[in-house]
J.: 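Handing you a structure now.
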Amino acid sequence: MPPYEDQPTMQLRALGSDPAATGLGPHRRPGRPRPYGRHQPKAAPQLPEEYLTVDAGDREPGGDEGAAPRLAARQAFRRFWPLTRGDRRWLVLICACVIAAALAETAAILLFSDLTDNALRQGSLSAFWVPAAQWLAVAVLGAGVGYMGNSLAVWTAERFVLRLRARVFTQVQDLPPHFFQRHRQGDLVERLTGDVEAIEQMVVSGVVSTVSAVFSAVFFSVAAFRLRWDLALVTFVLAPLFWLAARRFSGRISSVARDERVADGAITSVVEESLGNVVLTQAYHRKDAEERRLDREARAWLRASVAGARMSELYEQLVEVIETLCVLAVIGLGSWEISQDRMTIGRLLAFAAFLGYLYPPIRNLGQLGLTLTAATAGAERLAEILDAEPAVSDPPPGAAMAPWRVHGTVEFDGVGFRYPGGDRRTLAGVSFTARPGEFVLITGASGAGKSTVSKLLTRFYDPAEGFVRLDGVPLYAMPLGFLRTHVTLLPQETLILHDTIRENIACGRPGVTEHEIVRAARDAAAHDFIAALPEGYDTRIDPHTARLSGGQLQRVAIARAMLRDAPVLVLDEPTTGLDALAARRVVRPLRRLMSGRTTIMITHDLNLAPDADRILVLDHGRVVETGTHHELLALGGAYARLHGALGGPPDGPLTDTGPQPTLRLGPM
Ligand SMILES: Nc1ncnc2c1ncn2[C@@H]1O[C@H](COP(=O)(O)OP(=O)(O)OP(=O)(O)O)[C@@H](O)[C@H]1O
């Protein structure tokens, strides 16, 4: 008799999940202000009473998330089952195919017993043809439903993966900056790939496998009792041993699976971070340190992986022993029956062969529990993302104070803020107003809270106290899309899409013409260097490749902002990281971009200060000085000290063409 696993079987192998696996081990790898939208512009709205009376101090900066929550397999299943909505009729059809396949297999077993009893035992060829033809018909039928069920199951499972991944990805995109500071990128990548697939194993494939195993076990049991009730009874008395073995292993497997998912995330993170930092690695000759880092994570992964494989193998071998025990019990009882002349050896052989069909579904039921337990580790990691609250959200439908024609008055009114999880306030009582077209420069020591102002102004967070307003409307009272269409951020680190230069500029305003792209590039002093590239505007750029210099990338970003054409501009250290010459080349385009727009510039670079309508000096989250460059120098306080320490421009008119890398942002 061939080993059980090798025996012909028509049982649907639930897709994506090898029922013989415990679920451990690697998963499949895989111009001016324009109206908002089409609405007619209207005057800046009057705020309803509720926005004026809300005590903003009650608002908590959201988005704080804890560690991955612990979930029981049942909770994890319930949590992700709703994502099968829309495909449940297909699941029903798949289950029907699974049941039909189990029936066909049961019929095949009975026909096999028929053949051994009649054709083989009696040595009669005439007794062979009818059951043989029936067996063939049943096999063809089983193959048909097997093919249909498996194809449909792959399609349904992949649709589930698609839907779940899209859901998690959408959520990830709404999460606040600190979430990404606290989670390594590679680990998030792993959650969006490996963990998503692990959950599919639990939900779609899990349901199909369970239906398959349950129906096969029921049908085979009925057939077993029909063949020999006493032998069947012995078989079933010993069946709980499979369940006990699975139960014994489930706790250990759950913890090993969790370690394995975390190790998978860590190794992806190290590889990704190392590739992203390859210049630093080479420049500082950190090759050995990076290799050690990879080796450390790889060893942790190896330990988790080996522990997982060992656990799985131990379970498999234990089950083999239990199966052998069951077969020996049946043969023992059968031998006694034969000795009493109550049974023939042919019947006993037929029954023993039949056990080869009966045990896999019983054993699969136990293993399914383990697969679910292992997949729960992935569910916990995804639940952590799905449960993380975005720090900000759109106002409820009907309550939004938009659209209107934005003029660009920016107001900070008694703003206080503390980062989620932060131990102290980053901003306290910050108040200032920038009227349309004004240039306000915010400076201060490192860590004073300057960039935090830009994050509040572009609403990555809401203030815990006070209000940030645009044209008198608190930012939280307008849709995020409306706000970010009218307030353009040019962050410190130039944001580049992995695409062509054309697309990198065009993404400032979808639907722009080639002519508009080229005009923006010219205004940003980027056209000439782009045109000189062999592929011109079709050159693909990447933040990690050196095809364009920092200053050139910054000018591409300025061209994008030009197209965006927002009335408010937030510039976070626009010249930081650029050498003096590159910084000077950025000045003219910046002047064009700032012209006529409200500009909040966050910078250490005091070369830009004389042109500001107002300068705010931040210190430990508070505005300690306000005035023009000359007023503040005359004051001889914090600004004057910063100016002296940072080597700002002389107290006089500046030019962008002089021998010193001084920058002039005055009117063109
Ligand atoms: N996600 C965060 N969680 C907790 N604290 C944070 C977070 N981001 C920034 N901070 C803290 O808030 C304070 C202000 O940070 P911010 O980046 O606004 O300073 P900055 O003045 O722009 O500094 P720099 O000039 O160095 O960029 C710092 O003490 C910083 O450590």
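Since this is a predicted model, take the numbers as computed values, not measurements. Side chains are part of it too, since the values below use all heavy atoms of this structure and drop only hydrogens, waters and symmetry mates. Along the sequence shown, residues carry numbers from 1. When a ligand or atom number is given, it counts from 1 through the structure's own listing order.
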J.: For a quick test of reading the model, state the closest non-hydrogen atom pair linking Thr488 to Ala566 and the distance between them.
T.: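 In terms of heavy atoms, the two residues are closest at OG1-CB, 3.2 Å.
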J.: Salt bridge or not for Arg592 and Asp523, using N-O below 4.0 Å?
T.: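 No, no charged N to carboxylate O under 4.0 Å.
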J.: Decide whether the shortest distance between a heavy atom of Ala448 and an atom of ligand 1 is less than 4.0 Å.
T.: yes
J.: Select the closest option to atom 11 (C) of ligand 1 among Phe180, Phe179, Tyr419, Phe417, judged by heavy-atom distance.
T.: Tyr419
J.: Students should be able to answer this: which protein heavy-atom is nearest to atom 13 (C) of ligand 1, and at what distance?
T.: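 Closest protein heavy atom to atom 13 (C) of ligand 1: Thr426 CG2, 3.6 Å.
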J.: With a 6.0 Å cut-off on ring centres, are Phe467 and Phe412 close enough?
T.: no
J.: Look only at interatomic distance and state if Arg424 has a nitrogen or oxygen under 3.5 Å from any nitrogen or oxygen of ligand 1.
T.: yes
J.: Using distance alone, with no hydrogens and no angle criterion, decide if Ser269 and Asp187 have a side-chain donor and acceptor under 3.5 Å apart.
T.: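 Their side chains do not contain a donor-acceptor pair, so the 3.5 Å distance test is not met.
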J.: Between the candidates Pro177, Gly447, Ser454, Gly422, which shows the shortest non-hydrogen contact distance to atom 28 (C) of ligand 1?
T.: Gly447
J.: In Å, rounded to the nearest 0.5 Å, how long is the span from CZ of Arg540 to OG1 of Thr500?
T.: 6.5 Å
J.: So is Gly421 close enough to ligand 1, meaning a heavy atom under 4.0 angstrom away?
T.: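 So Gly421 does not count as touching ligand 1.
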J.: With only distance considered, is Ser451 within less than 3.5 Å of ligand 1 through an N or O on each side?
T.: yes
J.: What protein heavy atom lies closest to atom 26 (O) of ligand 1? Include the residue and the distance to one decimal.
T.: Ser446 OG, 2.5 Å
J.: As an exercise, identify every atom of ligand 1 less than 4.0 angstrom from a heavy atom of His604.
T.: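 Contacts of ligand 1 toward His604, numbered from 1: 25 (O).
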J.: Check whether any protein heavy atom sits under 4.0 Å from atom 31 (O) of ligand 1.
T.: no
J.: So is Arg425 touching ligand 1 or not, going by heavy atoms under 4.0 Å?
T.: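 Per 4.0 Å heavy-atom rule, Arg425 does not contact ligand 1.
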J.: Quick check: Gly449 and ligand 1, any N/O pair under 3.5 Å apart?
T.: yes
J.: Which heavy atom in Leu475 sits nearest to a heavy atom in Leu457, and how many Å separate them?
T.: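 Looking at all heavy atoms of both residues, the shortest contact is CD1-O, 3.4 Å.
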J.: Check this for me - ligand 1, Lys450, N or O atoms closer than 3.5 angstrom, yes or no?
T.: yes
J.: Relative to the heavy atoms of Ala445, which atoms of ligand 1 are at a distance of less than 4.0 Å?
T.: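 Atoms satisfying the 4.0 Å criterion: 21 (O).
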J.: Kindly check if the number of other-residue, nucleotide or ligand heavy atoms within 6.0 Å of CZ (Phe180) is above 12?
T.: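 Count over threshold, so yes.
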J.: Compute the shortest N/O to N/O distance between Pro420 and ligand 1 and return yes if it is under 3.5 Å, no if not.
T.: no
J.: For atom 15 (O) of ligand 1, which protein heavy atom lies nearest, and how many Å away is it?
T.: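 Of every protein heavy atom, Thr452 OG1, 3.8 Å lies nearest to atom 15 (O) of ligand 1.
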J.: Would you tell me whether Glu190 and Thr268 have side-chain atoms, one donor and one acceptor, within less than 3.5 Å of each other?
T.: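 Checked: Glu190/Thr268 side chains pair up, N/O donor to acceptor below 3.5 Å.
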J.: What is the closest protein heavy atom to atom 1 (N) of ligand 1, and at what distance does it sit?
T.: Gln181 OE1, 2.5 Å
J.: Below 3.5 angstrom, do we get any N/O pair linking His178 and ligand 1?
T.: no
J.: Quick check: does any side chain N or O of Asp613 sit under 3.5 Å from a backbone N or O of Val440, one acting as donor and the other as acceptor?
T.: no
J.: Spell out, as yes or no, whether a donor-acceptor pair under 3.5 Å connects the side chain of Arg614 to the backbone of Thr433.
T.: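 Here the side-chain-to-backbone pair exists.
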J.: Do Thr452 and Tyr419 have a side chain donor and acceptor closer than 3.5 Å?
T.: yes
